[in-house]
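Since the structure is predicted, the reported quantities are computational estimates derived from the model, not experimental observations. Hydrogens, waters and symmetry mates are skipped; everything else that's a heavy atom, side chains included, is used. Whatever order the structure lists ligands and atoms in, that order sets their numbers, starting from 1.
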Amino acid sequence: MKVLVAGATGALGTQLVPRLVAGGHEVFGMTRSASKRDVVRALGATPLVADALDPDAVARAVGEAGPDVIVHELTALSDVDLRHFDRSFALTNRLRTEGTDHLLSAGRAVGVRRFVIQSFAGWPFARSGGPVKSEDDPLDPAPPQAMRRTLDAIRYLEDAVVHADWTEGIVLRYGGFYGPGTSLDADSEYLEQIRRRRFPVVGDGAGVWSFVHVEDAADATVAAVQRGRRGIYNIVDDEPARVADWLPAVAGTLGAKPPHRVPRVLGRLLAGEAAAVMMTEARGASNAKAKRELGWQPGHPSWREGFAEIAA
Ligand SMILES: NC(=O)c1ccc[n+]([C@@H]2O[C@H](COP(=O)([O-])OP(=O)(O)OC[C@H]3O[C@@H](n4cnc5c(N)ncnc54)[C@H](OP(=O)(O)O)[C@@H]3O)[C@@H](O)[C@H]2O)c1
């Protein structure tokens with residue numbers, strides 16, 4: 001099949017493109033920068049230069065490639081300031097709304113058969129009920145003020161893709177990425193903060209996080225490109241974990257002392273409402289549907305071994 005990957009140069013894209021090429025697909029990789037054409041070529045794909053927020057450029061790129069499948073892996077996060085969550089996500093939210101619309105309408109014009117888009121399994125879930133959510137569980141009906149616009153953008157992209165009746169619209173709710181090129185890579189700032197005990201457990205640390213190694217996320221995306229059915233899939237590992245459990249365990253793996261603990265009220269003051277919510281109220285996700293319907297198994301079933309691998 002012809003597959004167009006928007007976001008081919010990102011952490012996920014650079015894992016995904018070579019896997020699709022190895023699977024026998026003809027791959028087109030979209031980037032904003034002409035200077036990254038060689039990066040895309042080195043991955044085995046044909047480069048397409050287009051700004052995902054420019055509808056004419058997107059229509060030209062999609063028209064040129066004529067893909068059977070479009071994969072949207074766009075994001076624009078460099079420095080996330082959790083104290084200003086929605087502001088940090090503003091451009092990413094445009095990629096999730098306008099960027100999705102432009103790719104959908106360009107894809108519709110060329111008769112794209114499948115449209116695969118990223119979403120997130122974690123804080124967007126309703127903060128009530130059990131600790132681990134399936135694809136049928138609701139998103140947060142009353143998100144904290146600080147995260148409202150970002151959740152609106154996630155909701156928008158999920159609805160737009162699942163309800164596009166002219167194509168097989170597939171939403172992949174990835175867990176938190178770790179591994180090469182991600183913000184939880186061996187030499188990343190976040191792991192350095194854990195090593196230096198500057199990443200405390202906030203409150204009771206009862207927030208549940210689901211992780212996924214970026215290579216496993218790429219494998220799941222290939223499976224979705226090849227045999228996904230309309231709907232939502234959680235792409236997470238087998239072990240959702242409370243912050244109070246995973247953070248000390250990862251610190252231990254990194255050879256660091258256990259993290260400090262700060263009361264929720266102080267954590268909220270220092271790191272903002274979004275951080276406090278993620279640390280104390282977030283829910284994790286089940287990967288049962290992805291395993292069952294995509295025939296996917298994470299190569300790193302638990303973040304425990306996964307982080308040990310990158311720390312080594
Ligand atoms: N990291 C996580 O834990 C996590 C969890 C769940 C979901 N996700 C989602 O998974 C997807 C992949 O994440 P990632 O970590 O691979 O992201 P990343 O490394 O930040 O890569 C982002 C990609 O988006 C492209 N891009 C940004 N703005 C663009 C624009 N205006 N026009 C065209 N391309 C643009 C970049 O291409 P150029 O720079 O080459 O233009 C790059 O290839 C994202 O959508 C992210 O939101 C991530």
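- Separation of the Trp166 and Phe115 ring centroids does not fall under the 6.0 Å cut-off.
- Shown here for Ala65 and Leu4, the closest heavy-atom pair between the two residues is CB-CD1, 4.1 Å.
- Assignment of Ala121 to the shell around ligand 1 is not supported, since no heavy atom sits closer than 4.0 Å.
- Nearest protein heavy-atom neighbour of atom 19 (O) of ligand 1: Ala11 N, 2.8 Å.
- Short contacts between ligand 1 and Gly176, defined as distances under 4.0 Å to a heavy atom of the residue, involve ligand atoms 3 (O).
- Ligand 1 lies out of reach of His72, whose nearest heavy atom is not under 4.0 Å from it.
- Under a 4.0 Å N-O distance rule, the pair Asp204/Arg264 does not qualify as a salt bridge.
- Under 4.0 angstrom from ligand 1, there are no non-hydrogen atoms of Leu77.
- The residues Glu273 and Arg268 are annotated as salt-bridged, a charged nitrogen and a carboxylate oxygen being separated by less than 4.0 angstrom.
- Summarising the contacts of atom 34 (N) of ligand 1 with Leu74, Leu16, Leu53, Thr31, the nearest heavy atom is found in Leu74.
- Against a heavy-atom cut-off of under 4.0 Å, Ser119 is close to the following atoms of ligand 1: 6 (C), 7 (C).
- Between Gly13 and ligand 1, no N or O atom pair is found at a separation short of 3.5 Å.
- Considering only non-hydrogen atoms, atom 41 (O) of ligand 1 lies nearest to Arg32 out of Arg32, Lys36, His102.
- For Gly122, the closest heavy-atom approach to ligand 1 does not fall below 4.0 Å.
- For Gly10, a nitrogen or oxygen atom sits less than 3.5 Å from a nitrogen or oxygen atom of ligand 1, counting backbone and side chain alike.
- Residue contacts with ligand 1 do not include Thr182, since none of its heavy atoms lies under 4.0 Å from the ligand.
- Asp68 pairs in a salt bridge (Lys or Arg N to Asp or Glu O under 4.0 Å) with only one of the listed residues (Arg114, Lys2, Arg113), which is Arg113.
- Under the 3.5 Å distance criterion, with hydrogens and angles disregarded, a donor-acceptor pair is assigned to the side chains of His300 and Glu309.
- In summary, Glu192 and Arg195 engage in a salt bridge, as defined by a charged side-chain N under 4.0 Å from a carboxylate O.
- In summary, the atoms of ligand 1 found under 4.0 Å from a heavy atom of Thr9, numbered by their order in the structure, are 36 (C), 37 (O), 38 (P), 39 (O), 40 (O), 42 (C), 43 (O).
- Atoms of ligand 1 lying under 4.0 Å from any heavy atom of Leu12, numbered from 1 in the order shown and given with element: 12 (C), 16 (O).
- Counting only heavy atoms of the protein, atom 32 (N) of ligand 1 lies nearest to Ala52 N, 2.8 Å.
- Between Asp140 and Leu151 the shortest heavy-atom distance is O-CD2, 3.4 Å.
- Per-residue contacts place Arg96 under 4.0 angstrom from the following atoms of ligand 1 (heavy atoms of the residue considered): 47 (O).
- Note: Phe211 and Phe307 meet the aromatic proximity criterion, with ring centroids under 6.0 Å apart.
- Hydrophobic clustering keeps Val225 apart from Leu104 (ILVMFWY residues linked when any side-chain heavy atoms are closer than 4.5 Å, directly or through intermediates).
- The existence of a salt bridge linking Asp152 and Arg149 is excluded, since no basic side-chain nitrogen approaches an acidic carboxylate oxygen closer than 4.0 Å.
- For atom 11 (C) of ligand 1, the closest heavy atom belonging to the protein is Glu73 OE1, 3.2 Å.
- In this structure, Trp303 has its ring center at least 6.0 angstrom away from the ring center of Trp246.
- Proximity to Asp51 (heavy-atom distance under 4.0 Å) selects the following atoms of ligand 1: 30 (C), 31 (N), 32 (N).
- Of the candidates Phe211, Phe177, Phe120, Phe89, the one placing a heavy atom closest to atom 8 (N) of ligand 1 is Phe177.
- Residue Ala217 places no heavy atom under 4.0 Å from ligand 1.
- Closest to atom 9 (C) of ligand 1 among all protein heavy atoms lies Gln118 OE1, 3.4 Å.
- When non-hydrogen atoms are compared, ligand 1 lies under 4.0 Å from the backbone of Ala50 (N, CA, C, O) but not from its side chain.
- Looking at Glu64 and Arg60, no side-chain N of the basic residue comes within less than 4.0 Å of a carboxylate O on the acidic one, giving no salt bridge.
- Checking only distances, Thr75 does come within under 3.5 Å of ligand 1, N or O to N or O.
- If you run side chain to side chain contact (heavy atoms under 4.5 Å, CB included) between Arg173 and each of Val212, Ile154, Leu139, only Leu139 comes through.
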